[in-house]
> 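To start, I am sharing the structure in question, which I have written as structure tokens.
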Amino acid sequence: MAKALTKRSENYAQWYNDLVIKADLAENSAVRGSMVIKPYGYAIWEKMQAQLDKMFKETGHENAYFPLFIPKSYFSKEASHVEGFAKECAVVTHYRLKNDPDGKGVIVDPDAKLEEELIVRPTSETIIWDTYKNWIQSYRDLPILINQWANVVRWEMRTRLFLRTAEFLWQEGHTAHATRQEAIAETQQMIEIYAQFAQDFMAMPVIVGNKTETERFAGALDTYTIEALMQDGKALQSGTSHFLGQNFAKAFDVKFASKEGKLEYVWATSWGVSTRLMGALIMAHSDDNGLVLPPKLAPIQVVIVPIYKGFDELDNIRPVAQKIKSELQKVGISVKFDDRDTHKPGFKFAEYELKGVPIRLAMGPRDFENGTIELARRDTLEKSTVPQEGIVERIQVLLDEIQTNIYQKAFRFREENTFQVDTWEEFKTQIEKGGFILAHWDGSSETEEKIKNETKATIRCIPIDAKEEDGLCVYSGKPSRQRVLFARAY
RNA sequence: CGGGGUAUAGCGCAGCUGGUAGCGCGCUACGUUCGGGACGUAGAGGUCGGGCGUUCGAGUCGCCCUACCCCGACCA
């Protein structure tokens, strides 16, 4: 009872915060805006990482690592890029401390000032393109398909655990190509990988589309995004893939000799997802009892809780539980047998619900007598008593079923909260209620800006699968050829 | 950066018109419990964010810092 969560209906933001803390995913640190990711939260991130890393490697990418610090001057090479990040950079100006001559503590040694300040990377395009310059001379050196797993720092004004933190973990892919076409194909391939990951592993449906010019990545010619709808009706940008054109190649003078012997600038892409995905995962599925994790990303897929009075009963149960555990492990299912004597079953039930473990097995004396076991699924909270015989197959099937079920639940939610809107009045009313709005837009940044100012809604993306359809802009009444996706966003 | 708030035990909080700090949870020990967050008994734990001032006396009053939180502004 002490751990009761705030209800989603009472205060969604508070619910989210409570959940992150109480499910032991992360906590605020002593440093403003920077979080400590706790072991259980990190375990989920590791599962995400492992799967994404596999998908990147399957598509020919390799991992590398570039420096945390970037010379300040690099940021002045690509104008729009620096403009996008300048206001949120941490800057290293000195390299040494010394004892405060006036008393206690330490001070920054004024004699240890750096010739050129170093920027803690907010993203690595600049240092990577400066490096690629030395790697690329000929078309034979292309493509370069590199990813790095790293931390980055963006000095955000306001932060929220996982969703926006001053320091966060991510991967950033940076590729170099001989042709425009190939770079665009790469950009599209990676957004599709993100979409596939979101849907198949996070059980979270996403809309794939292009950002408008104003919402684009600083320095990109085109930005693809996956947009997910959270339970409170707000959108969460969950991954982006950028076609950078020749902007960075020109800024860092990266040219190659083509087959025809001509010197040409390289074509670039970059793409990334971050620990923000944790926020997406939490908000997409969880309920007032706690986390609901898709089996494919759950650090513990099955937990076995023994119920007993006295150690003789536990001694009966233990071998049966151990046997089930090892049989499940043999087929690749992660299992925890929680035989802690320090907590009662009811406590454990509540705890694993809070932590979103997809399947809970409970076995007591009654089950021991009858050759049964109690099986509870987290997504529906349904309990049933089933025979121990065939439990492995049953669980294998059920894990898949849960994975599918929570995807479908999220998908249904999105469908029920996506609205086609054709008038400005309707738009203003609907945006207050939340959800995705599909509406016509005249394609101008001015209109986009005005809509944002009046409603706080932004164009999340221009969906790539949008069908052509003549219509009138919901704001300006000017002609439009397709609907775009509006929402209020995180 | 604007507006609002908070700072007292590990966490959440109370402490009125000033008199030397308390509650719940958690923690430790022992016992009884154990099929949905157990109970009893006994304990441990606090320079009251920092500084200065008023006062015989400050968690409490005044001033000044600092940090954090919320709402806005900002945010590939």
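Per chain, numbering begins at 1; letters A, B, ... match sequence-line order.
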> Any side-chain N or O of A/Lys344 under 4.0 Å from OP1/OP2 of B/rG37?
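No, A/Lys344 has no side-chain N/O under 4.0 Å of OP1/OP2 on B/rG37.
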> Distance check needed: B/rA67 P versus A/Asn28 CG, whole Å only.
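My rounded result for the distance is 16 Å.
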> Which part of the nucleic acid, if any, lies within reach of A/Pro365 when heavy atoms closer than 4.0 Å are counted: base, sugar-phosphate only, or nothing?
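Base, at least one base atom sits under 4.0 Å.
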> Using atom C1' in both nucleotides, what's the gap between B/rC23 and B/rG15 to the nearest angstrom?
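After rounding to an integer number of Å, I get 10 Å for this pair.
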> Using atom C1' of each nucleotide, how far apart are B/rC75 and B/rA58 to the nearest Å?
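Nearest-Å result for B/rC75 against B/rA58 at atom C1': 45 Å.
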> Could you check how far CG of A/Leu314 sits from C1' of B/rC34, rounded to whole Å?
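Atom-to-atom, A/Leu314 to B/rC34, this comes out as 11 Å.
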> Please confirm whether any donor atom in the side chain of A/Glu353 sits under 3.5 Å from an acceptor in the base of B/rG36, or the reverse.
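Under the 3.5 Å cut-off, the side chain and the base do form a donor-acceptor pair.
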> Using atom C1' of each nucleotide, how far apart are B/rC16 and B/rA42 to the nearest Å?
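It works out to 34 Å between them.
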> Please give, in whole Å, the distance from B/rA76 P to A/Asp222 CG?
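Those two atoms, CG and P, are 16 Å apart.
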> Please report the distance, rounded to the nearest Å, between CD in A/Glu313 and C1' in B/rU33.
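Result: 12 Å.
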> By ring pair (Phe, Tyr, Trp, His ring centres under 6.0 Å), which residues pair with A/Trp271, not counting sequence neighbours?
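Ring pair (Phe, Tyr, Trp, His ring centres under 6.0 Å) list for A/Trp271, sorted by chain: A/Phe56, A/His61.
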> Parallel, tilted or perpendicular: which one describes the rings of A/Tyr132 and A/Phe66, with boundaries at 30° and 60°?
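Answer is perpendicular, since the angle exceeds 60°.
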> Can you check the A/Ile317 CD1 to B/rG35 P distance for me, whole Å?
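About 12 Å, once rounded to whole Å.
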> Counting only heavy atoms not in A/Glu83, do more than 12 sit closer than 6.0 Å to its CD atom?
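At most 12 heavy atoms, drawn from other residues, nucleotides or ligands, come within 6.0 Å of this atom.
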> I'd like the C1' distance from B/rC1 over to B/rU55, given in whole Å.
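Straight-line distance between the two C1' atoms is 40 Å.
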> Check RNA chain B against residues 232-247 of chain A and give the residues with a non-hydrogen atom under 4.0 Å, in numerical order.
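Residues of residues 232-247 of chain A under 4.0 Å from RNA chain B: A/Gln237, A/His242.
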> Identify whether any heavy atom of A/Arg360 sits under 4.0 Å from a base atom; if not, whether one sits that close to sugar-phosphate; answer base, sugar-phosphate or nothing.
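Base, at least one base atom sits under 4.0 Å.
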> CZ of A/Phe311: more than 12 outside heavy atoms within 6.0 angstrom?
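No, not enclosed.
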> Once you round it to whole Å, what is the distance between C1' of B/rG37 and NZ of A/Lys22?
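It works out to 13 Å between those atoms.
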> Restricting to pairs with a member in residues 180-190 of chain A, which pass salt bridge (charged side-chain N to carboxylate O under 4.0 Å, His left out), not counting sequence neighbours?
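Qualifying pairs: none.
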> For A/Glu454, does the CD atom sit with more than 12 other heavy atoms under 6.0 Å from it, leaving out its own atoms?
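It does: A/Glu454 CD has more than 12 such atoms within range.
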> Please name all residues satisfying side-chain contact (heavy atoms from CB on, under 4.5 Å) with A/Asn405, sequence neighbours left out, ordered by chain then number.
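Expected list: A/Arg377, A/Asp379, A/Thr380.
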> Mind checking the P distance from B/rA9 to B/rU47? Whole angstroms is fine.
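Looking at atom P only, B/rA9 and B/rU47 are 9 Å apart.
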> Within residues 301-312 of chain A, which residues have any heavy atom lying less than 4.0 Å from an atom of RNA chain B?
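Contacts with RNA chain B under 4.0 Å: A/Ile307, A/Tyr308, A/Lys309, A/Gly310.
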> With sequence neighbours excluded, what pairs up with A/Phe168 under the ring pair (Phe, Tyr, Trp, His ring centres under 6.0 Å) test?
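With sequence neighbours excluded, A/Phe168 shows a ring pair (Phe, Tyr, Trp, His ring centres under 6.0 Å) to A/Trp170, given in chain and number order.
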> Categorize A/Arg216 for me: base, sugar-phosphate, or nothing, with a 4.0 angstrom heavy-atom threshold over every strand shown.
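Sugar-phosphate: the residue A/Arg216, judged by heavy atoms under 4.0 Å, touches backbone atoms but no base.
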> Treating A/His285 as the side-chain partner and A/Met202 as the backbone partner, does any N or O pair qualify as donor plus acceptor under 3.5 Å?
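Indeed, once roles are kept as given, a pair shorter than 3.5 Å links the two residues.
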> Compute the ring centroids of A/Tyr224 and A/Tyr194, then answer whether they are less than 6.0 Å apart.
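That pair fails the under 6.0 Å test.
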> Expressed in angstrom and rounded to an integer, what is the separation of A/Ile21 atom CD1 from B/rC11 atom C1'?
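The distance from CD1 of A/Ile21 to C1' of B/rC11 comes to 11 Å, rounded to the nearest Å.
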> Can you tell me, in whole Å, how much space there is between the P of B/rG45 and that of B/rC65?
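Pairwise P distance, B/rG45 against B/rC65, rounds to 37 Å.
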> Students often get this wrong, so: under 4.0 angstrom with heavy atoms, is A/Trp170 touching a base, only sugar-phosphate, or nothing?
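The answer is base, as A/Trp170 lies within the cut-off (heavy atoms under 4.0 Å) of a base atom.
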> Would you please name every residue forming a side-chain contact (heavy atoms from CB on, under 4.5 Å) with A/Ala487, sequence neighbours left out?
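Counting only residues at least two positions away or on another chain, A/Ala487 forms a side-chain contact (heavy atoms from CB on, under 4.5 Å) with A/Ala235, A/Phe436, A/Arg460.
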> When the C1' atoms of B/rU54 and B/rC61 are considered, how many whole Å apart are they?
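These two C1' atoms come out 8 Å apart once rounded.
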> Work out how far the P atom of B/rC69 is from that of B/rU33, and round it to whole angstrom.
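One P to the other, the span is 47 Å.
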> Take atom CG of A/Asp367 and atom P of B/rC34, then tell me their distance rounded to the nearest Å.
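Between P of B/rC34 and CG of A/Asp367: 16 Å.
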> Name the nucleic acid region contacted by A/Asp341, choosing base, sugar-phosphate or nothing; use a 4.0 angstrom heavy-atom cut-off, strictly under.
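Since no nucleic acid heavy atom lies under 4.0 Å of A/Asp341, the category is nothing.
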> Say you draw a straight line from CG of A/Leu381 to CG of A/Asp287; how long is it, rounded to the nearest 0.5 Å?
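Taking CG in A/Leu381 and CG in A/Asp287, the distance rounds to 6.0 Å.
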> Of the listed nucleotides (B/rG36, B/rA76, B/rG37), which one gets closest to any side-chain atom of A/Glu351?
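Within the option list, the nearest is B/rG37.
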> Tell me whether the side-chain N or O atoms of A/Arg154 pair up with the base of B/rA76 as donor and acceptor below 3.5 Å, since no angle test is needed here.
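Flag set: donor-acceptor pair detected.
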> Which pairs with one or both residues in residues 308-317 of chain A pass salt bridge (charged side-chain N to carboxylate O under 4.0 Å, His left out), sequence neighbours excluded?
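Residue pairs passing salt bridge (charged side-chain N to carboxylate O under 4.0 Å, His left out), neighbours aside: A/Asp315-A/Arg318.
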> Got a sec, which residues hit ring pair (Phe, Tyr, Trp, His ring centres under 6.0 Å) with A/His94, two or more places apart in sequence or on another chain?
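Partners of A/His94 by the ring pair (Phe, Tyr, Trp, His ring centres under 6.0 Å) criterion come out as none, since no residue qualifies.
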> Please tell me which of A/Arg276 and A/Gly364 maps to the more 5' nucleotide of RNA chain B, matching each residue to the nucleotide holding its nearest heavy atom.
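With A/Arg276 and A/Gly364 compared, the 5'-side residue is A/Gly364.
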> What are the atom names and distances for every N/O pair under 3.5 Å that joins the protein to nucleotides 73-75 of chain B?
unit_1 : atom_1 : unit_2   : atom_2 : d
B/rC75 : O2     : A/Arg164 : NE     : 2.7
B/rC75 : O2     : A/Arg164 : NH1    : 3.2
B/rC75 : O2     : A/Arg164 : NH2    : 2.7

> Can you find a heavy atom in the side chain of A/Met204 that is under 4.5 Å from one in the side chain of A/Ser238?
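In contact.
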> Identify the stems formed by RNA chain B, where each pair is Watson-Crick or G-U wobble with both distances under 3.5 angstrom and a stem is at least 3 consecutive pairs.
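Ordered by first number, the stems with RNA chain B (at least 3 consecutive pairs each) read B:1-7 with B:66-72, B:10-13 with B:22-25, B:27-32 with B:38-43, B:49-53 with B:61-65.
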> Tell me, please, which residues at least two apart from A/Val91 pass side-chain contact (heavy atoms from CB on, under 4.5 Å).
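Partners of A/Val91 by the side-chain contact (heavy atoms from CB on, under 4.5 Å) criterion, ordered by chain and then number, come out as A/Thr93, A/Glu117, A/Ile119.
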